[in-house]
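Below: the structure, in structure tokens.
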Number of protein chains: 2
Amino acid sequence: MALPSDPAPAKRTRRSPDALRTQILDAASELFLREGYANTSIDAVIERVGGSKRAIYSHFGGKEDLFAAMVAGLSEQALEAIPEANERAEEDVRASLVDFARAIMRILMDPRTIALYRLVVSESGRMPGLAESFLRYGPGRATSGLTRLLERWANSGLLDVHDPKQAAEHFIGMLRDDSHLEVVLGVRKPLGERAQRSRVERVVHIFLDGVAVK
Amino acid sequence: MALPSDPAPAKRTRRSPDALRTQILDAASELFLREGYANTSIDAVIERVGGSKRAIYSHFGGKEDLFAAMVAGLSEQALEAIPEANERAEEDVRASLVDFARAIMRILMDPRTIALYRLVVSESGRMPGLAESFLRYGPGRATSGLTRLLERWANSGLLDVHDPKQAAEHFIGMLRDDSHLEVVLGVRKPLGERAQRSRVERVVHIFLDGVAVK
DNA sequence: GTCTATATTGCGATAGAC
DNA sequence: GTCTATCGCAATATAGAC
């Protein structure tokens with residue numbers, strides 16, 4: 001994201017506190033995601049950013065807090081890609097669901113998201129509060145976004161859902177199935193564009209129409 | 001848990017090799033699941049079982065191999081609870097799916113399975129092969145079991161599924177949704193019997209009938 | 001046991017914003 | 001000029017490796 005501290009830390013112009021904060025977060029994200037929590041040192045982060053370790057402590061409080069800030073930031077950032085409920089949604093339920101599912105699928109298969117997921121599962125036992133903020137900024141936003149869509153369609157009589165939140169969770173669960181787990185566990189590469197599309201079609205079809213022969 | 005060691009023709013002093021192996025696995029499971037991989041020492045395992053460290057190395061090879069054996073064993077053991085495809089399946093698709101889903105749901109919400117899942121996600125990066133055996137003995141068996149059921153129903157013209165394996169993955173994904181993730185991350189307790197039933201009903205309903213208004 | 005790595009803190013110096 | 005954030009460096013603490 002931010003500019004790499006070019007040849008040398010520019011003497012003339014000073015970074016804004018905000019820029020420093022962002023640069024620290026970017027460097028920390030990269031290292032945490034690649035090396036894991038324990039294998040990433042404060043020194044390694046600061047080495048990439050320049051300046052003093054003090055900056056991290058005054059901005060974030062400590063290593064755990066830096067990690068937590070990174071998790072929240074990345075979760076939020078990832079979810080920016082989901083389409084907002086818009087007017088078109090009212091018109092074509094199926095197409096809107098496909099749009100939504102594609103966005104979620106892309107996020108789920110993004111290597112950064114995968115690494116983040118692994119990291120959160122690994123470290124949430126040790127860090128109370130980490131899981132909450134991850135869920136709130138990440139998966140929770142996806143679910144609540146879809147929940148609102150389902151509610152609207154249910155109110156319009158287009159869908160028959162009694163518990164929109166639960167239905168949203170099930171829908172997203174279909175997207176985060178074994179194929180996702182296999183990627184998380186590193187036994188297969190993330191699905192490509194084509195496979196993603198194909199799975200999204202099936203999921204939307206099952207969700208809307210079911211598989212029972214009528 | 002596994003083989004009962006009572007009827008073993010154990011001499012006064014010596015356990016059968018098989019019983020020793022089982023006892024080591026049981027002790028290791030408990031410690032690994034509760035304390036994690038790094039926080040469990042070979043000494044701690046041996047302390048519970050008695051005997052010498054040598055036993056672990058001759059039976060399993062080393063700490064990682066013991067861990068891998070435990071993961072494979074627990075995965076396999078957990079999956080024993082899923083109902084085999086039987087004759088009744090042919091009769092009532094819906095009831096059979098509910099049975100199947102209930103079994104899977106119970107497994108997913110079992111604290112041991114939850115701990116195992118966390119552990120596998122945490123350690124699979126470090127241990128090549130761990131993820132494969134976990135998937136093969138655990139989730140893979142669930143998926144393949146359901147896949148066979150779906151194939152039969154599809155062949156009988158009861159269901160309209162073109163890719164039974166993918167459909168099975170989506171079905172199980174609905175059961176392993178955000179509510180499961182929240183339990184894995186420790187932000188909520190496992191769903192109780194009642195909530196499990198309720199979710200299973202919804203999942204089967206969505207899967208068979210869909211939510212679109214006809 | 002020693003020793004190394006690393007998280008954390010203390011504090012005077014300094015550079016830029018105002 | 002003052003003021004604040006940051007820097008640079010050093011010191012402390014501690015957990016884990018060996």
Side-chain angles (χ1 to χ4, degrees), chain A residues 1-74 115-116 118-134, chain B residues 27-28 30-48 52-54 56-57 60-68 70 118-119 121-128 130:
Chain A
M1 284 289 294
L3 21 145
S5 18
D6 291 322
K11 282 288 181 184
R12 283 300 162 210
T13 51
R14 187 184 199 146
R15 303 180 266 222
S16 78
D18 220 46
L20 178 57
R21 197 190 144 85
T22 304
Q23 286 174 11
I24 291 172
L25 272 179
D26 287 346
S29 305
E30 199 182 320
L31 289 173
F32 279 138
L33 290 179
R34 182 152 42 86
E35 311 286 348
Y37 179 77
N39 292 324
T40 298
S41 71
I42 296 280
D43 282 314
V45 175
I46 221 51
E47 194 180 316
R48 298 197 155 211
V49 178
S52 149
K53 277 190 280 194
R54 241 337 169 25
I56 289 182
Y57 290 93
S58 53
H59 271 284
F60 299 95
K63 188 179 176 182
E64 287 201 2
D65 308 83
L66 174 60
F67 185 74
M70 178 215 74
V71 168
L74 286 187
L116 184 64
R118 249 195 303 251
L119 222 37
V120 169
V121 172
S122 300
E123 306 297 337
S124 64
R126 226 185 312 273
M127 303 188 202
L130 178 66
E132 276 92 346
S133 82
F134 167 72
Chain B
E30 198 182 321
L31 289 172
F32 279 136
L33 291 180
R34 182 152 42 87
E35 311 288 347
Y37 179 76
N39 292 324
T40 298
S41 68
I42 296 281
D43 283 318
V45 175
I46 265 319
E47 195 178 312
R48 301 197 155 213
S52 86
K53 278 201 269 194
R54 188 96 202 152
I56 288 184
Y57 288 99
F60 299 96
K63 186 177 175 184
E64 287 202 2
D65 308 84
L66 174 60
F67 185 73
M70 179 216 73
R118 248 194 306 249
L119 223 37
V121 172
S122 299
E123 306 298 337
S124 64
R126 223 187 315 265
M127 303 187 202
L130 178 66

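Order of the sequence lines fixes the chain letters, A, B, ..., with proteins taken first and strands second; residue numbering starts at 1 for each chain.
If you take CG of A:D43 and C1' of C:dT8, they are 11 Å apart, rounded to a whole angstrom. Atom C1' of nucleotide D:dT6 and atom CD1 of A:I46 are separated by 11 Å, given to the nearest angstrom. Summarising the geometry, the separation between CD on A:E47 and P on D:dC9 is reported as 14 Å, rounded to the nearest angstrom. Nucleotide C:dT9 holds its P atom 7 Å from the CZ atom of A:R54, rounded to whole Å. Distance, A:N39 CG to D:dA17 C1': 14 Å, rounded to whole Å. Between the C1' atom of C:dT6 and the NZ atom of A:K53 lies a distance of 7 Å, rounded to the nearest Å. If you measure from atom CD of A:Q23 to atom C1' of D:dT6, you get 13 Å, rounded to the nearest angstrom.
Taken residue by residue, residues 55-69 of chain A places heavy atoms nearer than 4.0 Å to DNA chain D at A:A55, A:H59.
A donor-acceptor pair under 3.5 Å is formed between the side chain of B:T40 and the backbone N or O of B:L31.
Scanning all heavy atoms of the two residues, the minimum distance from A:S122 to A:R126 falls at O-NH2, 4.2 Å. Between A:Q23 and A:V49, the shortest heavy-atom distance links the atoms O-CG2, 3.7 Å. In terms of heavy-atom proximity, A:D65 sits nearest to A:G61 at OD1-C, 3.8 Å.
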For this session: I would like to know whether B:Y57 and B:I42 meet side-chain contact (heavy atoms from CB on, under 4.5 Å); could you show each step before the answer?
Result: CA-CA 10 Å; B:Y57 288 99; B:I42 296 281; 3.9 Å; yes

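Aromatic ring orientation, A:Y37 versus A:F67: perpendicular (interplanar angle above 60°, classes split at 30° and 60°).
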